[in-house]
Amino acid sequence: MKEFSSSTEYKPVIGFEIHVELATKSKMFSPAPNNPDEKEPNKNIDEIVTAQPGTLPVANKEAIRLAALVGLALNCQIDEWSKFDRKHYFYPDLPKGYQISQYDQPISKNGYLDVSVGGKIKRIGITRAHLEEDAGKNVHPEGLPYSLVDYNRAGCALLEIVTEPDIENGEEARAFLTELRNIIRYVGASEADMEKGTMRCEPNISVRRPGETTLPKYKCEVKNINSFKFAEAAINYEIERQTELLKEGKTPKQVTMGWNEREGKTVEQRSKEEANDYRYFPEPDLPVLQFSKDYLDDLRRAIPELPAQKRERFKSEYGLDDAAIENLINWKELTFYFEEVVSEIDEWARQEPGLDRLALIKQAANWCLQDFSAMLNAKMVNPNDAPVTPENFAELVKLIIQGKISGSAAKTVFKVMFEKGGEPLSIIDDLGLHQVSDESAILSAIDKVVAANEKAVADFRTGQEKSFGFLVGQTMKELKGKGNPQVINKLLREKLKS
Amino acid sequence: MDFTYLSLTELRKLLDKKQISSVELTKYFLERIKKSDLNAFITISEEQALKQAAAADDYIASPGENPFLCGIPYAAKDLFCTAGVRTTAASKILDNYIPPYDATVIEKIKEQKGVLLGKTNLDQFAHGSSGETSAYGPTKNPWDKSRMPGGSSSGSAAAVAAGLIPWATATETGGSIRIPSSFTGVCGWKPTYGRVSRYGVIAMGSSLDSPGAMAYSVEDLARLAEIMAGADGKDSTTGQAMVPAYSKNLTVSLKGVRIGIAEEYFLEGMDERVKQTIQGAIGELEKLGAELVKVHLPISAKYGSLVYAIVAPSEISSNLARYDGIRYGHVTKNASDLMEVYTKSRAEGFGDEAKRRIMTGTYVLSAGYYDAYYKRAQKVRRMIVNEFTKVFSQVDVLTAPTAPSVAQKLGYAANDPLFGYITDQLNIPSSLAGLPAISVPSGFVPAHDDPSTNLPVGLQIIGPQWGEQKIFNVGYAYQQATDFHKKHPRVDSGK
């Protein structure tokens, strides 16, 4: 990470507004179902969602619980009370003419999130996280003189997270977003999927001139970002664009930019500064939210192990390397699966004290991150959707470590397990993939090979290492390809030395 | 047989004894409604009513006890959403609106198998104290058709007073049940805020709106309260407190009851004969054993209407934002872009009074004014609540004139921009405090502009929060000793 200690540098100032659609069964203020996957327009609506005259909101308790849970996981302060406010503006996707949101007493505030960037810990301040309802979607059929509105998304529970302008570059932004998404997923608040729009992020970017210590008088918001990669790219692009302007002595305009994925650049969307007056006032239809000490204590206890703690444990307890840990943590379902495999391994290790537990765990992590990940990705499914159980997974790993099956044969076996399920031993039986590690069987094969290849044996003894490979190959052939290579190596060398 | 002006208990008996069927009663009242020229109804739901009545008759014919309202016709103020029955709020912006759902109150009456005959006229979106802001024309007062029935629940009051219907739902935000009850000589109950669910009642001022009822006696109101009140999972502002059996607890004696009299309710400049009538009524209460206690409500009297003038329009401007021509209701035919859909639909659909309140509310909520107006008003509102709380630590109920005058001539309100402000000022402070109140007929005085016309005067009884039982008890005792509530206008030969 670059240090911006010198006053001669242009120093970017970046903050985020992040919207997360909470994974509640029903909407924020109505019993209509919340389903981000619904394709048929206006299916998940009722009289409250469509703001029929006379309807009233009732706050979703689960949404409040999830919002508070995320707040606690982000080290936020949660006051004894919170309230909802009305935010007014007219737009067809906003049925009531106001959005129920939170203005001056959000559920949580003053938190932070520590993220690791280039081996260093960076603390990003969380200004606030508040609950609100989502809007619907305006649809503009091509070539037709009208627009349509789909209210499926209208009224869904949204958590808006606002950060301090603590982020200084695209890499930090990406690391922050990744860690935030992980936390939200680990506490079960949302699937937080950028592509599906259940997590949406809008960075505000500006750049300080050298020596400038206050916040710049302008900022540019970037919209239309649907992946962390694009967030990083858009931020780096904006930093460069703004820095160029500043170097020319100009001040960038306060504009809303859109990320153009195809061209890999940001494009101005709206230059007019809209002086919106939302006329916030406390929502009279909803009583003040009260958070008792007991409620918050229960919630604190309900926070599962968070990514940071998991990382620590995977390192100290399992001895996994950083890259493997990161790849696991970033796939919550795979991490959970891996841990189930580990508990099966622990079971084996208890039963067979000779087993090397850490070697098994490392082998399991490798299999999770390589073959298993590749197969899951190819099918676009999560570990629990595949027929291979953690128990069978662990057993296969054990067989590999015990040398009962070769690495290449294991791949064949795992493929069958992934497709159809089943126990590795019976698959090995069916396919005849047992590995011969039995020393007497291997020795008798070696004896045959040594006897039949006098020339090669003589060549090896005169220092021609190449001949050794030939003799190994012949032994393997004699064993029909099922010999354990390590054992063959060891015994053949011993034989030839004698 | 004449079925007008029978109490709900009497109608219950007739139906239970099968001396009349619900269908016959329904036809009887539909006939009266259709013959009436009071403009009390916006929509008559004859077809649905006859179906409901037939269903009620089937239910009555089957063995077992009948719910209290089973088979009894009623009317709903056209602010209550009724599934399948047009609901307009007396505004052109909802002229074509048929709700897909029932208000909680309507649902409760449906469960009892009450029979809805139609939707009554009101001030547009309940904005008014005379009934004259309705887009469907003013309602007439059955005591004198050249006069207003008071508003905003003008149609419900006129219909009950004229014997077009045995009872009707109504709503109050700041006087809208009490004023028309007083002007038409019926009994009106404005519940404690949160006692009756607001769900499905088209919102005016969300922190003030209280759906209630109008009928011929306090006993009827107590019976209706038992049915209408209660916590509602669809309205987070309803109170959880159990609903007492109000009608069973009614008492005849007022011994030991402390009645507060605040001089602030006897305004300088109000109709002297109204004042005297109310003093007479208070004397009656004293005769019944009540102890009269002088109390003071200076903050409420001085600031109540001003606070209301900020809080109500703020909430109104927000609540009316949903009428945008996008999903339902009136949509302009002359829009060339989205902004015009909004501006023209709303300009064409809303009446002047709604527009006035939208503008006022939008102004006081806008950046830079919010703190000076809305926030400060809410602080004063808190002081008003505290002032009432203190008074109710000394007395059981407060009594006062419901209105400073009797019904004025139609058109009077249009010429006096302060009409509502003056008319409602004795109701607004207790509305701001969310308190329950009833208005009961307590005499007649000649109109100041026409001494030959006698017009009803209402006595209001205000109670502490959730204190419905106390006001019903005082009203009931009063009605056992007086018969003003049994006087009815001669509708068919009226002026």
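Protein chains get the first letters and strands the later ones, always in sequence-line order, with residue 1 at the start of each.
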Next item on the list: Could you tell me whether the side chain of Y370(B) reaches within less than 4.5 Å of the side chain of R279(A), counting heavy atoms only?
Entry: no
Check: Sequence neighbours excluded, which residues qualify as side chain to side chain donor-acceptor pair (under 3.5 Å) partners of T87(B)?
Finding: T82(B), K119(B)
Notebook entry, point to check: Is any side-chain heavy atom of P92(A) less than 4.5 Å from a side-chain heavy atom of L338(B)?
Noted result: yes
Next item on the list: Check each atom of L208(B) against the heavy atoms of chain A and say whether the ones under 4.5 Å are side chain, backbone, both or neither.
Entry: neither
Check: Picking from G325(B), A321(B), A89(B), which has the most non-hydrogen pairs under 4.5 angstrom with chain A?
Finding: A321(B)
Next item on the list: Heavy-atom distances under 4.5 Å only: say whether P31(A) touches chain B with side chain, backbone, both or neither.
Entry: neither
Margin query: Could you go through Q52(A) and Y97(B), starting from their C-alpha distance and side-chain angles, then the distance that decides it, and tell me whether this counts as side-chain contact (heavy atoms from CB on, under 4.5 Å)?
Written below: CA-CA 10 Å; Q52(A) 299 295 311; Y97(B) 181 66; 2.5 Å; yes
Notebook entry, point to check: Does D277(A) use its side chain to pair, donor to acceptor, with the backbone of A367(B) at less than 3.5 Å?
Noted result: yes
Item checked: Donor-acceptor pair, side chain of R327(B) and main chain of T50(A), under 3.5 angstrom -> yes
Note to self: Quick one: does any side-chain atom of Y342(B) pair with a main-chain N or O of Y91(A) as donor and acceptor, under 3.5 Å?
What the structure shows: yes
Next item on the list: Output the option from P100(B), S318(B), C81(B) having the highest count of non-hydrogen pairs under 4.5 Å with chain A.
Entry: S318(B)
Next item on the list: List the atom of Y101(B), the atom of G54(A), and the distance in Å for their closest heavy-atom pair.
Entry: OH-C, 3.2 Å
Note to self: If I take atom OG from residue S317(B) and atom OH from residue Y98(A), how far apart are they, to the nearest 0.5 angstrom?
What the structure shows: 10.5 Å
Next item on the list: Output the option from G361(B), G200(B), A103(B), P99(B) having the highest count of non-hydrogen pairs under 4.5 Å with chain A.
Entry: G200(B)
Margin query: Within residues 132-147 of chain A, which residues come under 4.5 Å of chain B, heavy atom to heavy atom?
Written below: none
Checklist line | NZ (K219(A)) with more than 12 external heavy atoms under 6.0 Å | finding: no
Next item on the list: Please round to the nearest 0.5 Å and tell me the distance separating atom CG of L56(A) and atom CZ of R198(B).
Entry: 5.0 Å
Next item on the list: Give the member of Y278(A), F90(A), Y151(A) that has the highest number of heavy-atom pairs under 4.5 Å with chain B.
Entry: F90(A)
Item checked: Pick from V58(A), D46(A), V149(A) with the largest number of heavy-atom pairs that fall under 4.5 Å of chain B -> V58(A)
Check: Taking T104(B), D209(B), T237(B) one by one, which has the highest count of heavy-atom pairs under 4.5 Å against chain A?
Finding: T237(B)
Check: Where does T362(B) contact chain A at under 4.5 Å (heavy atoms): side chain, backbone, both or neither?
Finding: both
Note to self: Tell me if the OH atom of Y369(B) is crowded by more than 12 foreign heavy atoms within 6.0 Å.
What the structure shows: no
Item checked: Structural part of N319(B) lying under 4.5 Å from a heavy atom of chain A -> both
Next item on the list: Apply side-chain contact (heavy atoms from CB on, under 4.5 Å) to the pair I48(A) and Y199(B), showing each step before the final yes or no.
Entry: CA-CA 10 Å; I48(A) 299 169; Y199(B) 191 77; 3.4 Å; yes
Margin query: For residues 280-295 of chain A, give me every residue with a non-hydrogen atom less than 4.5 Å from any non-hydrogen atom of chain B.
Written below: Y280(A), F281(A), P282(A), P284(A), D285(A), L286(A), P287(A)
Margin query: Checking an interface table here. Which of residues 77-89 of chain A come within a heavy-atom distance under 4.5 Å of chain B?
Written below: R86(A), H88(A)
